[in-house]
Structure formats: structure tokens, C-alpha cells
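See structure below.
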Amino acid sequence: MFQHVPAFPGDPILSLNEDFQQDPRAGKVNLGIGIYFDDAGRLPVMAAVREAEEGLARDIGPRPYLPMEGAAAYRAAVQQLVFGSRSEAVRTGRIATLQTPGGSGALRVGSDFLKTYFGTSQVWISDPSWDNHRAIFEGSGFKVKAYPYYDAATGGVRFDEMLGAIGALPARSIVLLHACCHNPTGVDLTRAQWAELVAVLQERQLVPFLDMAYQGFGDGLEEDAFAIRAMAAAGLRFFVANSFSKNFSLYGERCGALSVVCADEAEAQRVLGQLKSAVRRNYSNPPTYGARVVAAVLNTPALRERWQEELQAMRARIHAMRGQLRAGLESRLPGRDFSCFTRQRGMFSYTGLAPQQVQRLRESHGVYLVGSGRMCVAGLSVRNIEVVADAMADVLA
């Protein structure tokens, strides 16, 4: 019956992680998968999260189904964190927010909604973008194209080309944007560039869809939400997918949210109703536990303060690793400029390595990067930074 079903080629990142696990070398280094590890190479359990879980364990009760839209306390906390405590859009109730199974779930529910009501539109993603962006929107039936973004020559953004391409799109085109910590390049727009882009999006009547999977890993919780808040203040209608996998280190709990900023409260209620309908015919309702943990931390002042301090320390460690890698490479390859590593933000960097060099890193040095040259900076530590610098210098020489 299933002879016609082709083999799944595998996800390039997850398959790379499987190869890493099978590598017998003791000094191997995994810089492929997008997970934050501490300086000892461990997946951290944040103290604020642990305390919230201990509190939940002392008050175990029934676990009924959540509403289709998710837990009210969680959804309210999401709006406050993403849009700000003084947001006019939050205060006037014109944001429809849905609890989802991770950021990927938010992207898919939003994609399905858009296919229903903007079915003739096309989706535009950055060149390059996270591989699953294309897969998710194509899975909903959209044709997906790319706008210019990364400049390999400068390690920056091809902003004029990007702005020109987006400014030429037909009205109601859907534009996928990374709110901060661009994956895979680590290259973000400046605030001035965001202001120019917001004006073009508004003038062309486009549909922005912002993905924010790394809030707090760039410059800070408030700073990383700048683009979202600028769009809300400008009166745009747009979509936001956010995730707590990284900044709460709750990868397996699949805690995410989809928010749609609307014109007014009545419109938001209609949109929320149709989002709930999309959920019902997909996974019916979201899971309970992770959302309770996140809501407990965000809605308890002492826990939230501790979480923010821990997140700041994680961000500072990533910044320090960037600086040490840059210094290590510039000392090994005098005259070469590696400032791109300290200009980029978040968990990822584009190294500029060609696929053949990435293969040499893996085969000769046991250092694993994605084939595109994307490196997860959060996988660097004081224990492996010199090993990685030596290996990269060898393949770049």
C-alpha cells in the first residue's frame, strides 16, 4: 500500500546532530543545532524556572483541556512581554493572541489562516532564512520567494536592495521578517533601517509576519522587540510568532504564541475566532504544563526579575564568546578582519565558510557546523574556543 511513499531526506540540522552524536572523538564540538549551552556544555535549567516548577509541584490538581486559544494568564503575559507594558494595542484589546506548540506552531497556524483569507498572496522570506520558514508556508500551499538580505562581501545587510524588492511587491504580499537575532546570519537591521522598512510596508499595504524566537539574546528583552513595537505604534496590521524555547530553556515543552495586531477590538475578536477554528481542526488545543511555568515566571515579580538576570547572563556569555572567537582568529590570521562576529547578534553567525571548508572542519577537526556555514555561537565555551579557533584558522588559511 505504501510503496509509492518516498523516503524522507531528513532535516539538515537534526541529521547533522545525529551524525555528531555518533562521532566517537572525545574533542568533538557541536556548533550546528540551535540550542543554548552553558560554559560547561550543559543545557541549563534556569533557577527561576526551577522555582516555578517546584511551586507547581506543590499544588498538583486536575488537568482539564485548555481552551482552543490557550491559557488566559499565559496569553496576557505574552502580550505584555512582546508588545510592552504600556502598549496601546494591548490596552485597547486589538491584539488576538493564541498559545501555540512552540514558535513553529505559531508560524503554521498563522500560515494556514493567511492561506484561507489571503489565498492569492505570495510569501517572501529573507535570503537566506531559517529552512523551516519556506517549508511551513509551502506546506500551507503558498508560493514562497526570497528578497535580498545577507551581504557576503561585508557581512551585513543588502538593505537598499531589500527595501527596493519589498517596495515593489503587490499589495497584500506576506513578508516574513526576523524581529531580532536573524537566523541563520545573526545580522539585524538597525533602528533607522526598521523605520524605513515600516514606512514601506505601510505604504505598500503589505502583510508583515515577524518571527521572534530569540527575544533577550540580542541586546535585551525590550530592545529586541523594537521592530514589533514600532509597527504597532505605526498602526500596521501584522503577525508575530514568538517562542520561549530558548529564553526559558524549555525546548521540549513547546511554548510559543501567535499574535495578530488588528485595527480594533472587534476585528481582533473575529480574527481570534478564526484562529481558534484553525486550531480545532489541527491539534484541538495546546498543552498545559509549559505554559503554566512561563506564566508563573512572567507574572511573579521576584521570579521574573531572577529570570531576566539569568537571561542577561546568557546573553553576556554569548557576546563574550563572539569576542574571544574574533580575537582568536585575528591573532592566528593577522591582517584578516573578523569583526563580523562581534557585529552580529544572537545565537547564530554566518562564518563565511564554504561547504568544502565546513566539511573539512567536521572531518579533520570534529567541529560541526551547518553546511551553509552557520555557526551556533552558544555552543562555544572556554573549554572549546581555542580548539574551534585553531580549526577555523586551519581551513581559512
Side-chain angles (χ1 to χ4, degrees), residues 6-20 30-36 98-115 121-147 149-150 174-188 207-215 217 238-248 250-259 278-279 282-283 286 290 346-350 355 358 368-379:
F8 174 51
D11 179 90
I13 297 174
L14 298 182
S15 297
L16 181 69
N17 190 55
E18 292 172 1
D19 292 341
F20 173 81
N30 189 355
L31 303 178
I33 194 165
I35 292 178
Y36 177 89
L98 193 76
Q99 177 189 338
T100 59
S104 297
L107 289 164
R108 182 56 194 250
V109 172
S111 176
D112 287 347
F113 173 90
L114 286 166
K115 186 60 182 175
S121 297
Q122 293 183 339
V123 174
W124 292 77
I125 63 176
S126 62
D127 179 21
S129 192
W130 180 46
D131 289 340
N132 217 24
H133 281 151
R134 178 179 293 276
I136 286 171
F137 283 94
E138 286 181 342
S140 293
F142 280 109
K143 186 171 184 179
V144 179
K145 297 184 177 180
Y147 57 81
Y149 190 80
Y150 181 67
I174 300 158
V175 183
L176 193 288
L177 299 158
H178 300 238
C180 64
C181 306
H182 185 273
N183 180 6
T185 69
V187 180
D188 290 340
V207 183
F209 199 137
L210 285 87
D211 188 2
M212 184 167 63
Y214 308 98
Q215 186 179 6
F217 277 97
F238 61 100
F239 291 67
V240 180
N242 77 288
S243 168
F244 295 108
S245 294
K246 279 77 176 178
N247 56 18
F248 268 74
L250 284 174
Y251 300 89
E253 296 297 340
R254 311 308 298 137
C255 299
L258 173 68
S259 296
V279 166
N282 188 341
Y283 53 86
M347 289 177 58
F348 301 111
S349 279
Y350 244 28
V358 171
Y368 284 70
L369 271 66
V370 179
S372 63
R374 188 197 80 170
M375 172 178 60
C376 181
V377 185

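One is the number of the first residue; the rest follow in order along the sequence. Computed from heavy atoms alone, side chains included, the values below leave out hydrogens, waters and symmetry copies.
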Spacing of [X] atom [atom1] and [Y] atom [atom2] [to the nearest 0.5 Å]:
X      : Y      : atom1 : atom2 : answer
Leu369 : Arg374 : CG    : CZ    : 9.0 Å
Phe142 : Asp112 : CZ    : CG    : 8.5 Å
Arg254 : Ser243 : CZ    : OG    : 6.5 Å
Cys180 : Asp188 : SG    : CG    : 6.5 Å
Leu258 : Thr100 : CG    : OG1   : 6.5 Å
Leu16  : Asn30  : CG    : CG    : 6.5 Å

[X] and [Y]: which non-hydrogen atoms are nearest, and at how many Å?
X      : Y      : answer
Val144 : Glu138 : CG2-CG, 3.6 Å
Gly379 : Leu31  : C-CD2, 3.5 Å
Val370 : Gly32  : CG2-O, 3.8 Å
Ile174 : Ser121 : CD1-CB, 4.0 Å
Val240 : Phe209 : C-CE2, 4.5 Å
Met212 : Ala179 : CB-CB, 3.8 Å

| query | For Gly141, does its backbone N or O pair with a side-chain atom of Lys115 as donor and acceptor, under 3.5 Å? | reply | yes

Validation row: [X], [Y] side chains within 4.5 angstrom (heavy atoms):
X      : Y      : result
Tyr214 : Asn247 : no
Tyr368 : Cys376 : no
Leu176 : Leu107 : yes
His178 : Asp211 : no
Lys143 : Val123 : no
Tyr149 : Thr185 : yes

| Test side-chain contact (heavy atoms from CB on, under 4.5 Å) applied to Phe239 and Ser259, step by step | CA-CA 6 Å; Phe239 291 67; Ser259 296; over 6 Å; no

| Under 6.0 Å between the ring centres of His182 and Phe348? | no

| Between Tyr150 and Tyr350, is the gap from one ring center to the other below 6.0 Å? | yes

| task | Measure from NZ or CZ of Lys246 to the centre of the six-membered ring of Tyr251 and say whether it is under 6.0 Å with the direction within 45° of the ring axis. | result | no

| task | In sequence, state the C-alpha distance, the side-chain angles, and the governing distance for Tyr147 and Ser129, and then conclude on side-chain contact (heavy atoms from CB on, under 4.5 Å). | result | CA-CA 10 Å; Tyr147 57 81; Ser129 192; over 6 Å; no

| Does the side-chain contact (heavy atoms from CB on, under 4.5 Å) test come out yes or no for Val109 and Tyr283, once each step is laid out? | CA-CA 10 Å; Val109 172; Tyr283 53 86; 4.0 Å; yes

